[in-house]
Amino acid sequence: MFKHDIIDGANRLSSWSLHHGHGDCCQWDGVVCDNVTAHVLELHLANPRPLLDDYGSDAENEAMERSKLRGKINPSLLKLTHLSYLNLSQNGFGGIPIPDFIGSIESLRHFDLSKAGFGGLVPNQLGNLSSLEYLNLRADIEDNLYVTDLQWLSGLSLIEHLDLSDVDLAQASNWLQLLNTLPFLKILYLSGCQLPQVPPPIHLNLSSLAILDLSLNDIENSMGGSIFHGLVNMTSLKHLDLSNNLFNSSIPESLYSLDSLQFLNLGSNKLRGKLSSAIGNMISAIDLDLSDNELEGPVPITMGNLCNLKSIVFSELNLYQDVSTILAVLSGCVSNQLDKLDLSGCHLSGQLTNQLRNFKSLKELHLSRNSVSGPIPISIVELSSLRVLELDQNQLKGQLPCSIGKLTNLEILDISTNLLEGVVSETHIGNLPKLKVFQASKNSFVLRVSPDWIPPFELELLGLRSWNVGSMFPLWLHSQKHLRNLDISGSRITDSIPGWLWNFSSPFQYLNLSHNQIHGQIPGIPWAMSVDSVVDLSFNLLSGPLPQISPNVFFLDMSNNNLSGSLSPLLCYKTMGTVILNLGENFLSGGIPDCWLNWQNLHVIKLSNNRLNGSIPSSMETLQSIVSLHLQKNHPSGEIPLSLNNCTDLILLDAGENELHGNIPRWIGDGLRKLVVLSLRSNKFSGYIPDELCAIGSLQVLDLADNNLIGSIPRCVSKFRAMAKFNGSMGTAISYVIGAGTFVATIVMKGQMLEYSTNLNLVRSIDLSNNKLSGEIPVEVTSLFELQALNLSHNLLCGTIPDRIGELRSLESVDFSVNKLSGSIPESMSYLTFLSHLNLSFNNFSGVIPLSTQLQSFDSSCYAGNQLCGFPVPNMCPDNGTIHGVGHGGGNGNENETDWFWSGLVVRFVIGFWSVFGPLMFDKR
């Protein structure tokens, strides 16, 4: 009856049959009976296939999914009145609730539903299982398994092992009170439970606990302090995990007095203060993780007393120490036992020395993201047990020692992003049979192996970016049938793409061939690509038509090649799962096809710098997820279609340098309220700038230059909130665009066309130049305090520069040239201390140029075509000028003015320099 309601995709319960000699249920798979009475005592129905790590193949993951039992649990289990053990873990019951009737199987002592796919409210009836000693309801977050009241726990008076990890306990405010009523509790896992804060005083009465895991709960310091205090009474505690919370105090000294503690994880909090020498009191410590905190070094000498240590994870701490000093501290009895040492991102300096030979038991050494310099020592060969060696992102120099090729147990080797150089041959990597990951990108290596070399290893990840691998694709790659991640970008390949590149047993998850001189056509990218895969073929010499690609490709970049022809073979072929598509900087031609219904997942499209024409198709309205659209530098004509109004998540819209015409649509302001960058420059737009654009409060870059716009600048520009006040939250909105890597915003700043990517969120710019705008510069512009560039040149603007323009202290570039502006230059412009580009030429300005370090530093051409006087223009001001220190009469005045300027410049520089760098002399952080 139980089997009848189960969906068994892998036929795991095939032996559960009354026919063909299977009549004795005690012989069925997963069933354990009493040897005397034959009563069914145990049901072992956990998924026999273990959860795989990130390197599991698609086939292995599919087999694991297939072996999951699904369906529902039949109440017939109630007939098994002697059932004491029930394990249904690691199955896939699809979010159905845990059956209430389970609470009536009173004989249960061991109940395991961990990661079995049950969801909804945990039934209170579980509290009736008074004989229960083991309960594991560990969930997956997507299961949405939750508890509103833990009162039922009080009925489990014999419970010894309780695991509710990733069960939502946010509403169970009585969680701690009820845990204190379980006298035999020895093992408690409450990781990721969204535990509600319990106001002090907090009393922990869990003296019998051996394992306590409260990780991933955002526990704040107010409650955390009481938890730390309560730990003192847990004299049997061997395993403590408080990682991924919000503790921001120092580590209490009392914690180090728990001399029975073997496993301590306080990682990913905000703990501060210096590492205490009291850490040396943890004489039983085996595994110590204090990573990703604000703790400061040095590593205490007393750590050398912890002779049982097998794992030290101190990554992302502020140690600021010489790496050899730390190795010296640990070189005593610690080095004899140590399996893992992780000091990544700890601000370490110095060089690796022969001290390494003391750590002969070491299996993992992580020193990434430091400033370790010098060569890799030859003595590293003595770490014969080493499986993981990560030295990436340092300043290591010299050649790769041949001795590294004798580390025959090595599985992961990462030496990327260093200053290493020289030849790498079979001697270095030809005797590493267990190697799975070899990351050596961003060094100056030359690969020199024989053409017929077949490596002894089967790599899964390979990174040789910036190497010289030779002009041809390395033939030995053909033997790497399980390769999933391959980066040979910038490696001087001038070959065509070989057909065998797509024939690996495991489909690619990541393939980067960019920045080479690969030529020829792109073969079709096979359907066997992994789900969410990345393909980067940019910056090559690839030619011919666009290929057909796998719908599994998440990121596709074929920009900066010589590809030609229509977009249709790619866009109109199949329904795609692609999220980021970059076809920019090619020779693609023809119209933009009306096939966007096939590309519903697209977030980023870049078609810029091609030869596309025709109108923008209305089917683009179906791109509901689009956040970044680049169409600049093509030849599309017509108006911007109203259908784009449905793309309400757009953050970046660049349709500049095309042949679009008509009025700038009012609906852009009404519908595209999330825009951060709007560029319509160099088109044929006419009419007025619509006031509706001011409704886009998130706008940071507005570029309408080089059109035929008329009328005045809208006074509502003060509503551009992102230009008025820096709001860091907008960084999350635009970070997705930046995260695309190759996608940038092209912005005219300081008279130059510049590309911004990672720093795009810091840019604030308005460019309305080369139009026919008239009227005055609205004073409301002076409320945009974060504005960095303002270009209103080549218009018909009149009136004066607003007096308060000096309040825009972030301005770096101002261009008001070739207008009909008049009056004097406001004195407040002397406050613009960041100004590095200024053009006020060819207006009707008059009077004295205000004195300031900035305004006098520009070339006189910036002020040409006006009636201005004073340095740097050659016109001297009249004797009744208002500038102090200007000489009267003869050629002396200009000379004195120049002397005054340069002496003032020196004084200001000295004051400014030391006001910034002085404090840095005394504060190393």
Got a second to check how far Asn394's CG is from Ile415's CD1, nearest 0.5 Å? 11.5 Å
Restricting to non-hydrogen atoms, name the atom on Pro300 and the atom on Ser276 that form the minimum distance, rounded to 0.1 Å. CG-O, 3.4 Å
Donor-acceptor contact present, side-chain Ser479 to main-chain Ile454, <3.5 Å: no
Where the side chain of Asn293 meets the backbone of Leu317, is there a donor-acceptor pair that is under 3.5 Å apart? no
Interatomic distance, OG@Ser277 vs OH@Tyr256, rounded to 0.5 Å, equals 9.5 Å
Which atom of Asn516 lies closest to which atom of Ile488, heavy atoms considered: ND2-O, 3.1 Å
Going by heavy atoms in the side chains, are Arg138 and Lys115 under 4.5 Å from each other? yes
Could you pull out the closest heavy-atom pair between Gln509 and Val531, with the gap in Å? NE2-O, 3.1 Å
Does any N or O in the side chain of Asp414 come within less than 3.5 Å of the main-chain N or O of Val437, such that one atom is a donor and the other an acceptor? no
Can you tell me if Glu426 and Ser450 form a side-chain donor-acceptor pair at under 3.5 Å? yes
Does NZ in Lys397 sit with more than 12 non-hydrogen atoms of other residues, nucleotides or ligands closer than 6.0 Å? no
Judged by atom type as modelled, is there a donor-acceptor pair below 3.5 Å linking the side chain of Asp292 to the main-chain atoms of Glu316? no
Between the side chains of Ser368 and Asp392, does any donor sit under 3.5 Å from an acceptor? yes
In chain order, what residues pass the disulfide bond (SG atoms under 2.5 Å apart) check against Cys402, with sequence neighbours excluded? none
Does the side chain of His366 come under 3.5 Å of the side chain of Glu390 through a donor N or O and an acceptor N or O? yes
Any chance you could measure Leu212, atom CG, to Ile187, atom CD1, to the nearest 0.5 Å? 11.5 Å
Can a donor-acceptor pair be found, under 3.5 Å and without considering hydrogens, that links the side chain of Asp532 to the backbone of Phe554? no
Donor-acceptor contact present, side-chain Asn370 to main-chain Leu343, <3.5 Å: yes
Examine distances only and state if a side-chain atom of Ser236 and a backbone atom of Leu209 form a donor-acceptor pair shorter than 3.5 Å. no
Which residue pairs pass the ring pair (Phe, Tyr, Trp, His ring centres under 6.0 Å) test with at least one member in residues 423-453, sequence neighbours excluded? Phe445-Trp467, Trp453-Trp476
Which heavy atom in Val299 sits nearest to a heavy atom in Gln321, and how many Å separate them? N-OE1, 3.0 Å
Backbone of Ser191 reached by a side-chain donor or acceptor of Asp213 within 3.5 Å: no
Are the side chain of Thr353 and the backbone of Gln355 linked by a donor-acceptor contact shorter than 3.5 Å? yes
Do other residues, nucleotides or ligands put more than 12 heavy atoms under 6.0 Å from Ile301 CD1? no
Whether over 12 other heavy atoms sit under 6.0 Å from Lys360 NZ: yes
Between Lys481 and Glu458, does a salt bridge (Lys or Arg N to Asp or Glu O under 4.0 Å) hold up when you go through it step by step? CA-CA 7 Å; Lys481 299 301 183 184; Glu458 283 283 358; over 6 Å; no
For residues Gln399 and Pro375, determine if any side-chain heavy atom of one lies less than 4.5 Å from a side-chain heavy atom of the other. no
Not counting sequence neighbours, which residues clear salt bridge (charged side-chain N to carboxylate O under 4.0 Å, His left out) with Asp339? List them please. Lys363
Can you tell me how the ring of Phe228 sits relative to the ring of Phe247, calling it parallel under 30°, perpendicular over 60° and tilted otherwise? tilted
How long is the span from the OG1 atom in Thr235 to the CG atom in Leu237, to the nearest 0.5 Å? 9.0 Å
Say you draw a straight line from CD1 of Ile404 to CD1 of Ile378; how long is it, rounded to the nearest 0.5 Å? 11.5 Å
Check the side chains of Arg465 and Ser489 for a donor-acceptor pair under 3.5 angstrom, ignoring hydrogens and angles. yes
